[in-house]
Student: 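Below you'll find the structure I mean.
All values derive from a computational prediction rather than experimental measurement. Numbered from 1 within each chain, the chains take letters A, B, ... in sequence-line order.
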There are 2 protein chains.
Amino acid sequence: MKLTDIYMKFQSDIVVIERELEATVQARHHVLRQASTHLLKAGGKRIRPVFVLLSAKFGTYDIDVLKHIAVPLELIHMASLVHDDVIDDAELRRGKKTIKSQWDNRVAMYTGDYIFAKAVETSTFFDHPEIHQILSYAIVEMCIGEVEQIRDQYNWQQNFRIYLRRIKRKTALLIAVSCKLGALAAGADRDVQRQLFKFGYNVGMSFQITDDILDFVGTEEQLGKPAGGDLRQGNVTLPALYAMQHNEEVRAMIEQALSTDYPDQADMEPILEAIKKSGGIEYSLEISDRYLERAYHALESLPETEAKTYLSEIAAYIGKRKF
Amino acid sequence: MKLTDIYMKFQSDIVVIERELEATVQARHHVLRQASTHLLKAGGKRIRPVFVLLSAKFGTYDIDVLKHIAVPLELIHMASLVHDDVIDDAELRRGKKTIKSQWDNRVAMYTGDYIFAKAVETSTFFDHPEIHQILSYAIVEMCIGEVEQIRDQYNWQQNFRIYLRRIKRKTALLIAVSCKLGALAAGADRDVQRQLFKFGYNVGMSFQITDDILDFVGTEEQLGKPAGGDLRQGNVTLPALYAMQHNEEVRAMIEQALSTDYPDQADMEPILEAIKKSGGIEYSLEISDRYLERAYHALESLPETEAKTYLSEIAAYIGKRKF
């Protein structure tokens, strides 16, 4: 089964969420409306809403309730991307101009704030305090993750533990929370919620590690930008970390090349080759697979439903995706 | 009575809020903790918490409940300042280095996001959906106000209505909401809540107009920066708007001087003089007073309590403050 089959299966509900996303960001304000619409049109896999819907299948599924948690989760993700693009000075995302490049950094910052606020506003549909607590906890951790990424930039001494904690905050928690909140909003059992949280966390870790691998092995066409962009910006991810820890020569090359602010792509090529040869890619794939295994394991105790099969399929897709 | 007397009266509760603010932003993360603490230490009048406390006096006053709404309101205000300083490229605020100047724009952006998220997290103490709805509505409007300010920058054709709507969103609503939520959290009557909202809205409008006047008439020492900074950055406030509408010569001077990106302070001086001579300051004071009158009026139907006297005093202070 392919990911598209799952989307087909849920198409009518995904359309509901897409419409709700559009309606939510329909600001009266011209620039905000344009910027937000631009962002929505740029697309995205809407993976967090999909996790909400699938997890809700373990309780009482009602799209008109679920959309009030699926939409905030997607908006929070979108808002964080808008702010990331300011930080990374990114011109393109998913092949479309970023808000900061279509307008400017100021518009991007406030559009991010606005989308963020709209996310919180949408979630006020629920009067269940736990939902708000979990949601705001995930946002807080995500912000900490972002700041950690800045702090850890160009830090060649960091270890695996620091990297893993950072991607947990930056990526995995919001996916874990998407699964948990889908189940919670649908009134699923505590134990089911807990297992789905674990599932989402492990899938999220695998997802981010795969992303970090792809940044080294993807072609420019697949990535929409030259390979090695993370490292070039001083972001040390798992393949590079492994290479640096196992090969002093690679470490020296990296430190040397990155001692200038933003090295030429040509200077990056030998480094990318060296990292690939170091075994860092294989090691990262192994770690990613380990998280995937834990994700599957988290599903085991759940009832044998179609939703469970789909969750399994998505996990498999995430672990094996090529771009 | 002076403002300090009111602070003295509420000192022990203001200390509770101050401690709670500190505890709330105590991130495990080093930079975030430093940046947030730096921000708190820079001080501020804590006017929003004070409005929460005074408004709560019309219901059942419990500081351990109220702090969960006073703290988010102050944090939201703080977060917006951090982001504003990025936008305005400001080096100093209240005589202290801004986060963006002590660290950098990236840290400032995420620190703002983090404080914002912490505000939302703190408010999850309440399971009253209306509190969350009102709070998130105020945040959304504030973001729209910020974007409007960017859109309206260097726009010499805007009118009073646009200016007033912008300051309503940027400033007045959060103060209105501080009053309303204080009363709501204390279980005060609906009607009392409504009157306090009106009071806060009008005080907030007067507050911002006074701020905009002071930017023209304050000394460099009082302002901590040269006068006319708003206009110099392309922000058209009430005194300048009035002058431009009543004197074509002033309009021509402004458009001419501001046609360069950031004019010298020397080029600003004759403009500031012309605005002062235009009657724009007096007109703005009149408008500010009109809002103040409406604020007093909103209080009339409320029971004659000490809290009511204090609210009145604060309104008077806000309307008459010199810096």
Student: Counting distance only, does the side-chain N/O of A/Q153 pair as donor-acceptor with the main-chain N or O of A/Q233 below 3.5 Å?
Tutor: yes
Student: Just by modelled atom types, is the B/D152 backbone N or O under 3.5 Å from a matching donor or acceptor in the B/Q158 side chain?
Tutor: yes
Student: Measure the spacing between CE of A/M205 and NZ of A/K168 and express it to the nearest 0.5 Å.
Tutor: 8.0 Å
Student: Does either side chain, that of A/D84 or that of B/Y110, offer a donor lying less than 3.5 Å from an acceptor on the other one?
Tutor: yes
Student: Counting heavy-atom pairs under 4.5 Å to chain A, which of B/V147, B/L135, B/I139 comes out on top?
Tutor: B/V147
Student: Select, from A/K118, A/M142, A/E130, the one with the greatest count of heavy-atom pairs under 4.5 Å involving chain B.
Tutor: A/K118
Student: Please determine, among A/Q133, A/R151, A/H83, A/H132, the option with the most heavy-atom pairs under 4.5 Å with chain B.
Tutor: A/H83
Student: Please determine, by modelled atom types, if B/Y163 and B/D212 share a side-chain donor-acceptor pair under 3.5 angstrom.
Tutor: yes
Student: Among B/I115, B/D127, B/T111, which has the most heavy-atom pairs under 4.5 Å with chain A?
Tutor: B/D127
Student: Pick one of side chain, backbone, both or neither for A/E148, based on which atoms fall under 4.5 Å of a heavy atom in chain B.
Tutor: both
Student: What residue, out of A/I131, A/I150, A/V120, A/V107, has the most heavy-atom pairs lying under 4.5 Å from chain B?
Tutor: A/I150
